[in-house]
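Data block below; observations after.
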There are 2 protein chains.
Amino acid sequence: MSSRTVSNVVNGYAKVTDRTRERVQRAVEELGYRPNVLARNLAQGKSGQIALVVPYLDTPYFSELLQSVLRAARAAGYTVLIDQTDGDPEHERAFIAHGSRRLLFDGVIFSPLGLDQMALADRDPSLPLVILGERSSDGTFDHVGIDDVAASRQATDHLLGLGRRRVAAIGDQPYATGEAAQLRTRGFREAHEARGQAVHEDLVIGTPRFNRPDGAHAMARLLDLEEPPDAVFCYSDLVALGAIHTIVSRGLRVPEDIAVIGYDDIEEGAFSNPTVSTVSPDKEWIAATAVERLLLRITSPTPPPGLELRAPHRLIIRESSAR
Amino acid sequence: MSSRTVSNVVNGYAKVTDRTRERVQRAVEELGYRPNVLARNLAQGKSGQIALVVPYLDTPYFSELLQSVLRAARAAGYTVLIDQTDGDPEHERAFIAHGSRRLLFDGVIFSPLGLDQMALADRDPSLPLVILGERSSDGTFDHVGIDDVAASRQATDHLLGLGRRRVAAIGDQPYATGEAAQLRTRGFREAHEARGQAVHEDLVIGTPRFNRPDGAHAMARLLDLEEPPDAVFCYSDLVALGAIHTIVSRGLRVPEDIAVIGYDDIEEGAFSNPTVSTVSPDKEWIAATAVERLLLRITSPTPPPGLELRAPHRLIIRESSAR
DNA sequence: GTGAAAGCGCTAACAC
DNA sequence: GTGTTAGCGCTTTCAC
């Protein structure tokens with residue numbers, strides 16, 4: 001009995017006699033044999049790992065996503081290695097560039113923040129890659145995300161449909177790396193246009209990130225205006241929660257005085273006071289699709305075409321924008 | 001020039017001539033040489049990875065912790081592999097038992113939920129291990145966590161000090177795997193004793209997990225009592241948030257009608273309405289210490305003694321239990 | 001300080 | 001179907 005046969009048995013190749021298989025298995029049991037993953041990795045030139053690289057792991061959206069990715073990867077026998085970039089372009093680049101860690105993972109699911117399209121293109125072409133969020137594919141990787149413009153248009157239209165006439169937007173990022181934010185702003189504008197209403201430019205506020213504090217500060221600025229808004233479209237649920245915090249602490253009511261809608265559909269928004277309306281992307285779909293495409297890319301002998309995958313989304317109306 | 005010399009240079013061993021080092025480095029540049037991590041791993045018998053295994057990754061407490069662990073590990077040149085067990089005993093056991101994945105990580109930081117002390121003892125003794133949460137060390141691993149009894153006593157005492165006389169506790173788990181919960185219940189009782197007050201046994205409510213829905217349901221039960229509580233000690237901030245959600249939706253006020261205090265100090269509690277008082281464990285300390293001890297355990301030739309490490313904690317009083 | 005050569009433990013051609 | 005053997009690309013003991 002040789003190592004070849006053992007390898008066959010351990011890896012479950014069909015071509016083994018039942019008797020041999022049994023003999024091997026008993027020996028494995030008795031000797032307490034454990035295959036050495038490290039050796040296998042080297043021999044195969046694969047690590048059996050995929051990396052999930054996101055800007056922030058304590059953002060509920062990403063931790064909920066991480067969970068789904070983990071589940072999908074596990075089902076396929078892969079382990080998940082993670083890293084947080086804090087949106088640092090250098091850190092982000094290091095992950096997709098040629099580097100010594102290249103072999104540590106067979107592929108990457110990557111949610112870039114500080115990297116513009118150009119930097120994305122300049123990467124290790126042999127690294128299977130799936131991009132999350134808002135970056136259009138250049139054909140060498142897959143991209144999965146929801147239709148931000150349409151979703152934002154719907155959210156804004158919902159607010160306008162409530163009869164609100166001074167609708168604010170919190171989260172714009174008018175610079176190269178703010179593509180996702182800009183798409184939402186575009187949707188915000190389109191909704192106004194469709195109803196023949198003008199956008200109040202002073203009500204479009206930028207934020208460096210999409211956090212609670214960002215939302216809280218931005219809302220404070222809006223309330224300090226001579227004519228504050230009567231509704232707010234926030235580019236994340238955290239921003240919405242922060243904004244609501246400010247509104248309430250100033251003695252105003254949500255939604256009576258100011259209606260609020262967020263983005264991401266994190267669980268927190270379903271239990272907050274008030275509960276917050278939101279754009280709900282299908283995270284399970286996003287995670288499952290991202291993993292599926294990545295594994296295909298990893299195992300396929302010839303690189304599959306880079307796809308634009310549109311995840312489903314829907315509007316969830318809760319107390320913060322109830323009639 | 002041999003591979004030996006190159007290895008020396010790449011790994012930064014001191015014993016190389018400046019001239020040789022330069023020659024090697026230029027060659028490395030020109031050839032675009034990248035060391036193969038997989039081969040190195042095999043040769044060294046190490047993966048340069050540590051695993052973080054927690055019950056739930058979408059729990060803010062764990063995602064905040066994960067973030068700190070990541071930072072500490074990265075500083076030491078380690079990558080972090082993660083897994084979520086959902087508290088499933090079988091899944092948890094698989095991670096610390098002898099197994100083929102053993103070599104995939106050099107050590108594990110583990111927050112068990114479904115595993116009792118006995119099951120913990122029966123593990124791969126060669127696996128460096130640091131336990132988080134409430135499990136006392138048997139001397140073969142380190143344990144880091146806050147003093148749950150003391151912290152719970154302080155939280156409860158704070159509520160009693162407010163003059164509340166019917167203080168409830170949400171989160172008890174009176175079974176083998178509920179050690180952490182039981183310690184909190186003990187602190188809850190001790191606080192009453194210290195003030196010579198009786199615990200209202202009907203106000204001590206169990207929950208399967210420490211989630212928002214758990215808190216919401218438990219609170220509903222408490223409010224259905226003939227004599228509802230006038231204060232609640234919740235075993236997690238999520239439970240507190242869920243409880244507050246229920247209280248508010250019944251038209252009662254926090255803290256006027258019912259004061260609430262939580263546990264974990266997640267960011268969400270600082271922005272919710274009302275903001276929630278909480279027991280704040282020093283997560284940064286916990287993560288840094290856990291990683292430090294784990295790496296020591298990994299690199300030390302002789303196994304270090306298993307330590308009980310007590311992380312600092314403090315009470316943060318916010319609106320939910322303001323006077 | 002540098003070179004040669006022997007593993008690390010597995011997988012996968014290649015023969016039988 | 002089973003055995004033999006040559007790598008995978010490093011690290012490291014051992015001479016020089």
Side-chain angles (χ1 to χ4, degrees), chain A residues 1-49 76-79 98-107 124 126-128 298-301, chain B residues 1-49 77-79 98-107 124 126-128 298-299 301:
Chain A
M1 183 162 48
S2 75
S3 60
R4 169 61 205 274
T5 311
V6 176
S7 183
N8 276 342
V9 172
V10 171
N11 292 303
Y13 290 165
K15 311 177 178 180
V16 191
T17 324
D18 279 358
R19 192 171 145 279
T20 313
R21 177 189 308 282
E22 215 161 292
R23 269 174 60 210
V24 172
Q25 278 171 341
R26 210 181 36 235
V28 164
E29 291 273 312
E30 283 176 14
L31 281 73
Y33 167 82
R34 310 286 169 201
N36 182 322
V37 211
L38 268 27
R40 169 186 306 202
N41 287 349
L42 174 58
Q44 293 190 148
K46 298 186 201 173
S47 65
Q49 298 190 135
Y78 278 76
T79 50
H98 317 60
S100 58
R101 290 197 299 181
R102 168 65 182 80
L103 275 306
L104 219 53
F105 34 83
D106 300 336
D124 184 342
S126 76
L127 177 67
I298 289 173
T299 51
S300 170
Chain B
M1 185 162 47
S2 75
S3 59
R4 169 60 206 274
T5 312
V6 176
S7 183
N8 277 342
V9 172
V10 171
N11 292 303
Y13 289 164
K15 310 179 179 180
V16 193
T17 324
D18 279 357
R19 192 172 146 278
T20 312
R21 178 188 307 282
E22 215 161 293
R23 270 174 59 210
V24 172
Q25 278 171 341
R26 209 178 40 233
V28 164
E29 290 275 312
E30 283 176 14
L31 281 70
Y33 167 82
R34 310 286 169 198
N36 182 322
V37 212
L38 268 27
R40 170 186 305 204
N41 287 350
L42 174 58
Q44 293 189 149
K46 297 186 202 172
S47 65
Q49 298 191 137
Y78 277 76
T79 50
H98 316 61
S100 58
R101 290 197 300 181
R102 167 66 182 82
L103 274 306
L104 219 52
F105 33 83
D106 299 336
D124 184 341
S126 76
L127 177 67
I298 288 171
T299 52

In short, B:I298 meets B:D106 closest at the heavy-atom pair CG1-O, 3.4 Å
Write down the distance between CD (B:Q44) and C1' (C:dC10), rounded to a whole number of angstrom.
18 Å
Give the C-alpha distance, both sets of side-chain angles, the deciding distance and a yes or no for side-chain contact (heavy atoms from CB on, under 4.5 Å) between B:Q49 and B:N41.
CA-CA 10 Å; B:Q49 298 191 137; B:N41 287 350; over 6 Å; no
Would you kindly give the CG-to-C1' distance between A:N36 and C:dC8, to the nearest whole Å?
8 Å
In whole angstroms, how far is the C1' atom of D:dC8 from the CZ atom of B:R34?
20 Å
Protein-nucleotide distance (A:N41, atom CG; C:dC8, atom C1'), rounded to Å:
13 Å
Given the rule in the side-chain contact (heavy atoms from CB on, under 4.5 Å) test, do A:S100 and B:R40 qualify, once you have shown the distances and angles that lead to the verdict?
CA-CA 11 Å; A:S100 58; B:R40 170 186 305 204; over 6 Å; no
Separation of D:dC10 P from B:L103 CG (nearest whole Å)
19 Å
Regarding the side chain of A:R40, the nearest nucleotide among D:dC10, D:dT11, C:dT11 is C:dT11
In terms of side-chain heavy atoms of A:L42, which of C:dC10, D:dG9, D:dC10 is nearest?
D:dG9
Which whole-number value in Å describes the distance from A:L38 CG to C:dT11 P?
12 Å
The side chain of B:A43 lies closest to which of these nucleotides: C:dG9, C:dT11, C:dG7?
C:dG7
Shortest non-hydrogen contact from A:S126 toward A:P128
O-CD, 3.1 Å
